[in-house]
Amino acid sequence: MSELSKAYEPQAVEAKWYAAWLEGKCFEADPASEKPAYSIVIPPPNVTGILHLGHVLNNAIQDILARRARQTGHEVLWLPGTDHAGIATQAKVERELRENEKLTRRDLGRDEFLKRVWAFKDKHGNIIINQLKRLGCSCDWSRERFTMDEAYTRWVSHVFVELFKKGLIYRGKRMVNWCPVSLTALSDEEVIMTPRKSKLYFMKYELTDAPGEFLEISTTRPETLMGDVAVAVNPKDPRYAKYVGRTVFRPFPHAAIPVIADDHVDIEFGTGALKITPAHDKADFEIGLKHGLEIIDTLTPDGHMNCPECPDLHGLERFVARKKAAAKLEEMGLLIKVEEYDNNVGYSERGGVPIEPRISMQWFLKYPKVQEAADAVANGDIKFRPERWAKTYAHWMENLQDWCISRQLWWGHQIPVWYRKDKLDALKNAESLDMQDFASGDIHVGVEAPADGDNWVRDEDVMDTWFSSWLWPFATMAGVGEETATLKKFYPTSDLVTGPDIIFFWVARMIMAGFEFKDELPFRNVYFTAIIRDLKGRKMSKSLGNSPDPIDLMEKYGADGLRFGLMRIAPVGSDVRFDESQVEEGRNFANKLYNACRFRQMAGEIEYPESESDDDHEVVGMANCFHLDILAKLDQLTVDLDKAYGDYRFGEIAARLYEFLWNEFCDKFLEAVKGDLRETATPEARAVTLSVFDTVMSRYLQLLHPYMPHVTEELSQRMGFLNEDEFLMQADLPEEPVLAGLLAEDIATEQGKAAAIYETAGRLRNLKAEYNVASRRDVKFIIKGAVDWFDAERPILALLTGAGEIEVDSAYAAPKGTPVSLTPVGEIYLPLEGLIDVEAERVRLTREIGKLEQELARSEAKLGNESFVARAPAEVVAQEKARLEEWRGKLKQLGEMLSGLG
RNA sequence: GCGCGCUUAGCUCAGUGGUAGAGCACAUCCUUCACACGGAUGGGGUCGCAGGUUCGAACCCUGCAGCGCGCACCA
């Protein structure tokens, strides 16, 4: 054992042990193991992403689960990896290209561009992985996966082909969410509804058959006016019944368009007349279909006006065009008014701009195994924690729309569909393609390219990133059609830990994929983490600058400190507000632990007076009430943690670990037994105390290890708690309670004594503080009417209270005004020349009596209530009675003391 | 609009029927030989509001308010 510095310095220690664990292959899962399996697959972070606090919380929880599972005798696989994150990654590379070389991806061409993305991935791809390592994550890095690995890509293609063969995947021209920045379609889940202050424009269209008569219409999007093909009113609306079937003039380009009736129109909203633009609104599109209306697309993919008939608007950006269109209406005298209006606008999750409903050719998936997936959660085969998310899940599962899986990107898994070159134009422009088209031999759908490749052109689109992520739990363990030992042993996985924000994106889809492709649920428990917000309750984001860099926090407080601090405040249910002071607490806690061990180390080796044995039970035979108390509390902690882990109550576990070490072990136990380590103590006392310390600490370090892996490993090693070449992280938790051989009754008696002494110490310190002698160590207390076992504990009580001596004197006649306290072990006086102050003591006693009387009155009232006595459980009544008696006795004593003052 | 959640000490949060809790912050004292990233003591809350159930409610029920989050085609 080497010298320990005064304060714990985590940085070097953490790096050292992480390297040692890797070296020792501690994280590698052995499929051949006899042990029961425990597995988690990591929610793969974006390959080029960087760690944020959400990742820290999420991965700390997974690491805790993994480490705990190892300790409880499981063979653990925590499978790590990264996600190619199509849009996000491609956008980063495109931005770099634009800024550095003033080039677009089209300037480079697909192959060259993809080379760049791979290069970018190679350069940045390890950042987040290294950050996870810094955090202490015990992932099996030998099994690290990437969603665009060759084998994984094969899975994605295979799944596409299979679903296609089942008729679940189809291609068609549909209204989709279009991102004008990323220039791709998006799924409904990638659209974020955001409240916006916008304007509602009221305008009027002239009736073609009645010049001078107008139909008033309201819209938020006057720039789409050129795409209008009708005006709709509600058939039940009496105001407009006379217009239905007639035509009005669309102002520009000037044309007559019909007035139609449709239930969809809300009579109450605006003027109650709705302009119909099938090309640029989902609802209008539906109405257009119903009424057989023309579709006029007036926008380019990147959100500019495409309407050569209106040269003054043509080519304008859509929001510029909106103002221009409104101005134009005003010029024409057709704009009635503009109102401020709050509405929700769909934003592109990645592009950050309003999405554009757009008709385009896309691939869609009808979700498979919906019923099985919904049932699995409803019937508890898959358990959500907190449970309420199951409802959100169920609701989504009931309202599934087909999933738009194609993306007009280059970075991703390309759709495994080829078209015959000579038929390409016809196939590409078809409104939709049905099975007949595919049966024609002009189209090839397969994992492999057609043999005569030169005659074919592959579909240019790639798949939604989530179309690869949903295969993650099994595609990471085995290739297509492969039965690896890993898959056999570790699939289905045990727990999934993720944020509730991706319950639809990922969790729900994985469940469906699990049933579809493996005939089994992919995991048994899903733990939804809290979302970390700043102190003002805002979401952490780069643009707000309110997101602390976890690496900085780890530099400052250590990975263990960060983990512990975060876990302590991470509630089960809702969001968590991040406060750096919590992390500071985590560091302080590590330091406290470290110093407790330092204290032990300074005491040196145990020299057993009689035998060489260091058997726990032999030691227990010599133990006093403080030893037994802490050992019993350790056993209790062990039991409590077991239960809390079963309920995934991570915050409670952290709180219990904290409280045990700080309050029970350091503040009480260590202070009580300090005397045993002094020169004056007997060798027996010293041996038993050191032995109990070691027993408790070695076990405690193990219990704490999942939360603070580095410092616990360090201390266990340094303190010599482990055998040679053994790691704490690999040691099984002992199954036997420390006090297994003792009677519960005896333990309770001893614990009662310890509790009485601790409480007494508190009262005496209080007394000292009240009389401003808190720091004096030479004061003498005199105890009167001590309980029979008290004498043996005298020196310890003196130690705990910082008193010179505690004298037992049953005949003590206190001078008037001597400060006194009623304690569980007797009446204790603090006689000190300057302190004897009758008035002060009268005030103090009166105050105490006042408090007591209040309690007493409440208790008497309660027991005086017949209904309470008759209906409350017997033990509650008995408890209340006991309390009443105790207070009465005390009150009487205090009363006597007060009257004794004269 | 529908659904879900939250509201407890200045702050962050525990607390699912029996005398309101922790950590931080605050005040006073202590650099005493594990730790000032520390020790001791103390002040501070009619548990969002209003009803109801109960012998008894922070906790169960109803309504209301405020905040947050989902879902939804109100242009």
Side-chain angles (χ1 to χ4, degrees), chain A residues 4 6-8 193 200-201 217-221 224 232 264-266 268-277 281-287 341 343-344 357 386 388-389 391-392 395-396 399 500-501 503-504 531 533 535 537 539 557 561 568-571 573-579 581-582 584-603 649 651-652 655 658-659 662-663 666-667 670-671 674 678 761-762 765-770 772-777 801-802 854-855 858-859 862 865-873 875-877 879-880 883:
Chain A
L4 291 170
K6 209 168 173 182
Y8 176 56
M193 295 310 281
L200 188 58
Y201 299 84
I217 298 161
S218 44
T219 180
T220 53
R221 302 201 59 190
T224 62
H264 170 77
V265 181
D266 181 352
E268 304 296 319
F269 187 88
T271 62
L274 170 64
K275 73 188 201 62
I276 301 298
T277 322
D281 184 278
K282 210 171 175 182
D284 290 7
F285 178 73
E286 301 296 330
I287 293 173
Y341 177 62
N343 69 340
N344 285 320
R388 62 192 162 82
W389 291 111
K391 210 165 175 177
T392 307
H395 182 253
W396 189 74
N399 295 283
D501 48 338
I503 187 168
F504 309 137
I531 291 185
R533 299 175 178 281
L535 277 174
K539 227 172 172 170
Y557 305 111
R568 255 181 105 201
I569 53 169
S574 47
D575 297 351
V576 53
R577 282 165 199 252
F578 178 75
D579 186 348
S581 70
Q582 299 290 347
E584 200 179 330
E585 287 308 296
R587 177 203 55 182
N588 294 354
F589 182 59
N591 189 58
K592 187 74 179 176
L593 177 70
Y594 169 87
N595 271 291
C597 289
R598 196 165 75 100
F599 174 68
R600 165 67 186 87
Q601 198 175 40
M602 290 164 98
R649 299 173 67 94
E652 185 180 316
Y658 183 93
E659 179 216 33
W662 208 301
N663 304 121
C666 290
D667 290 349
L670 274 193
E671 294 304 325
K674 256 181 184 172
R678 296 202 172 141
R765 282 191 299 245
N766 173 319
L767 201 62
K768 283 176 76 182
E770 284 222 43
N772 286 322
V773 291
S775 50
R776 277 182 59 177
R777 307 191 61 82
T801 50
Q854 270 184 16
E855 302 282 10
R858 200 186 311 169
S859 189
K862 205 164 180 180
N865 182 336
E866 280 172 32
S867 305
F868 170 71
V869 179
R871 307 187 118 175
E875 75 251 28
V876 173
V877 178
Q879 193 188 357
E880 193 64 42
R883 226 161 16 210

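In what follows, every chain begins at residue 1, and chains take the letters A, B, ... in the order their sequences are listed. What you see is a predicted model; the values in this text were computed from it and never measured.
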Run A:Gln879 and A:Arg883 through side chain to side chain contact (heavy atoms under 4.5 Å, CB included) and show every step you take. CA-CA 6 Å; A:Gln879 193 188 357; A:Arg883 226 161 16 210; 3.8 Å; yes
Quick one: look up who B:rC33 pairs with, Watson-Crick or G-U, both distances under 3.5 Å, and put none if it's unpaired. none
Where the side chain of A:Thr220 meets the backbone of A:Leu200, is there a donor-acceptor pair that is under 3.5 Å apart? no
Using atom types as modelled and distance alone, determine if a side-chain donor or acceptor of A:Asn595 lies under 3.5 Å from a backbone N or O of A:Lys6. yes
Just name whichever nucleotide pairs with B:rC11, Watson-Crick or G-U, keeping both distances under 3.5 Å, else none. B:rG23
Shortest non-hydrogen contact from A:Lys768 toward A:Arg776: NZ-O, 2.9 Å
When rounded to whole Å, the CZ to C1' distance for the pair A:Arg858 and B:rU19 reads 5 Å
Using every non-hydrogen atom in the two residues, find where A:Thr277 and A:Lys275 come nearest and quote the distance to one decimal. OG1-NZ, 3.1 Å
Does A:Pro500 reach a base, just sugar-phosphate, or nothing at all? Heavy atoms under 4.0 Å. nothing
Look at all strands and tell whether A:Val869 reaches a base, only sugar-phosphate, or nothing, counting heavy atoms closer than 4.0 Å. nothing
Here's a test of your reading of the structure: between A:Leu670 and A:Ala283, which maps to the more 5' nucleotide of RNA chain B? A:Leu670
Do any side-chain nitrogens or oxygens of A:Lys6 fall under 4.0 Å of OP1 or OP2 in B:rC35? yes
Starting at atom CD of A:Gln601, determine the distance to atom P of B:rC33, rounded to an integer number of angstrom. 19 Å
Hey, does the side chain of A:Asn766 come within less than 4.0 Å of B:rG42's phosphate (OP1/OP2), counting only N and O? yes
Rounded to the Å, how far apart are A:Tyr8 OH and B:rC37 C1'? 13 Å
Taking all heavy atoms of A:Ala596 and all of A:Leu670, pick out the closest pair and write down the distance. CB-CD1, 4.4 Å
Would you mind reading off the distance between A:Ile531 atom CD1 and B:rG70 atom P, rounded to a whole angstrom? 7 Å
Once you apply the 3.5 Å cut-off to both distances, tell me the Watson-Crick or G-U wobble partner of B:rG51, or none. B:rC61
Any side-chain heavy-atom pair from A:Asp284 and A:Leu274 closer than 4.5 angstrom? yes
Quick check for you: among B:rC37, B:rU12, B:rU19, whose closest atom lies nearest to any side-chain atom of A:Gln582? B:rU12
For B:rG45, which nucleotide is its Watson-Crick or G-U wobble mate, given both distances must be under 3.5 Å? none
note: A:Lys768, atom NZ; B:rU41, atom P; distance rounded to Å ~ 11 Å
C1' atom, B:rU19 versus B:rC67: distance in rounded Å? 33 Å
P atoms of B:rA58 and B:rU46, separation to the nearest Å: 13 Å
For A:Ala774, answer base if it contacts any base atom (sugar-phosphate contacts may also be present), sugar-phosphate if it contacts only those atoms, and nothing otherwise; contact means non-hydrogen atoms under 4.0 Å. nothing
Under 4.0 Å, counting only non-hydrogen atoms across every strand here, what does A:Arg883 touch: a base, just sugar-phosphate, or nothing? base
Looking at every strand, decide which applies to A:Thr219 at a 4.0 Å heavy-atom threshold: base, sugar-phosphate, or nothing. sugar-phosphate
Considering only the C1' atoms, how many Å lie between B:rC59 and B:rG18, rounded to the nearest integer? 12 Å
Pairwise P distance for B:rU54 and B:rC2, with rounding to whole Å: 32 Å
Given the options A:Tyr8, A:Tyr594, A:Tyr557, A:Tyr658, A:Phe589 meets ring-ring contact (aromatic ring centres under 6.0 Å, His included) only with A:Tyr658
Over all strands shown, is A:Glu585 touching base, sugar-phosphate only, or nothing at heavy-atom distances under 4.0 angstrom? sugar-phosphate
How would you label the contact of A:Tyr341 with the nucleic acid (heavy atoms, under 4.0 Å): base, sugar-phosphate, or nothing? sugar-phosphate
Hunt down the Watson-Crick or G-U wobble partner of B:rC4, both distances under 3.5 Å, from any strand shown, or write none. B:rG68
Starting the side chain at C-beta, find the nucleotide from B:rC30, B:rG39, B:rU12 nearest to A:Ser775. B:rC30
Less than 4.5 Å apart, side chain to side chain, heavy atoms only: is that true for A:Trp662 and A:Asp667? yes
In whole Å, measure the gap between the C1' atoms of B:rC47 and B:rA36 for me. 35 Å
Report yes or no: is there a donor-acceptor pair, N or O only, under 3.5 Å between the side chain of A:Lys391 and the base of B:rC4? no
Would you indicate what A:Arg765 reaches in the nucleic acid, counting non-hydrogen atoms under 4.0 angstrom: base, sugar-phosphate, or nothing? sugar-phosphate
Given B:rA75, B:rG18, B:rG38, the nucleotide with the shortest approach to the side chain of A:Lys862: B:rG18
What interatomic distance, in whole Å, is found between C1' of B:rA34 and the corresponding atom of B:rG42? 26 Å
Under 4.0 angstrom, heavy atoms only, what part of the nucleic acid is A:Asn344 near: base, sugar-phosphate, or nothing? base
Of the listed B:rG18, B:rG23, B:rA34, the closest approach to the A:Gln879 side chain comes from B:rG18
Rounded to whole Å, the CE-P distance (A:Met602 to B:rU32) equals 14 Å
Watson-Crick or G-U counterpart of B:rA40, or none if no pair lies under 3.5 Å: B:rU28
Closest non-hydrogen atoms of A:Lys282 and A:Pro357, given as atom of the first, atom of the second and distance, are N-CB, 4.2 Å
Using only modelled atom types and a 3.5 angstrom limit, is any donor from either the side chain of A:Lys674 or the base of B:rA34 paired with an acceptor on the other? yes
With respect to the phosphate group of B:rC29, does any side-chain polar atom (N or O) of A:Asn772 fall under 4.0 Å of OP1 or OP2? no
To the nearest angstrom, the OH-P distance between A:Tyr594 and B:rC35 comes to 11 Å
What about A:Glu659: does its side chain form a donor-acceptor pair under 3.5 Å with the base of B:rA14? no
When you measure from the side-chain N and O atoms of A:Trp662 to the phosphate of B:rG39, is any distance below 4.0 Å, counting only OP1 and OP2? yes
Where the side chain of A:Phe868 is concerned, which of B:rG18, B:rG70, B:rA34 is the nearest nucleotide? B:rG18
Could you tell me whether A:Ala655 contacts a base, only the sugar-phosphate backbone, or nothing, with contacts defined as non-hydrogen atoms closer than 4.0 Å? nothing
Rounding to an integer number of angstrom, what distance separates B:rA20 and B:rG3 when you compare their P atoms? 36 Å
Remember a base hit wins even if backbone is also touched, and classify A:Glu880 as base, sugar-phosphate or nothing at under 4.0 Å, heavy atoms. nothing
Check whether any side-chain N or O of A:Arg388 sits under 4.0 Å from OP1 or OP2 of B:rC6, and answer yes or no. no
Rounded to whole angstrom, note down the P distance from B:rG21 over to B:rC26. 23 Å
Quick one: on RNA chain B, does A:Ala596 or A:Ala761 contact a more 5' nucleotide (nearest heavy atom)? A:Ala596
Check the distance between B:rC35's C1' and A:Glu671's CD and give it to me in whole angstrom. 10 Å
Selected nucleotide, minimal atom distance to A:Lys592 side chain, candidates B:rC37, B:rA75, B:rC35: B:rC35
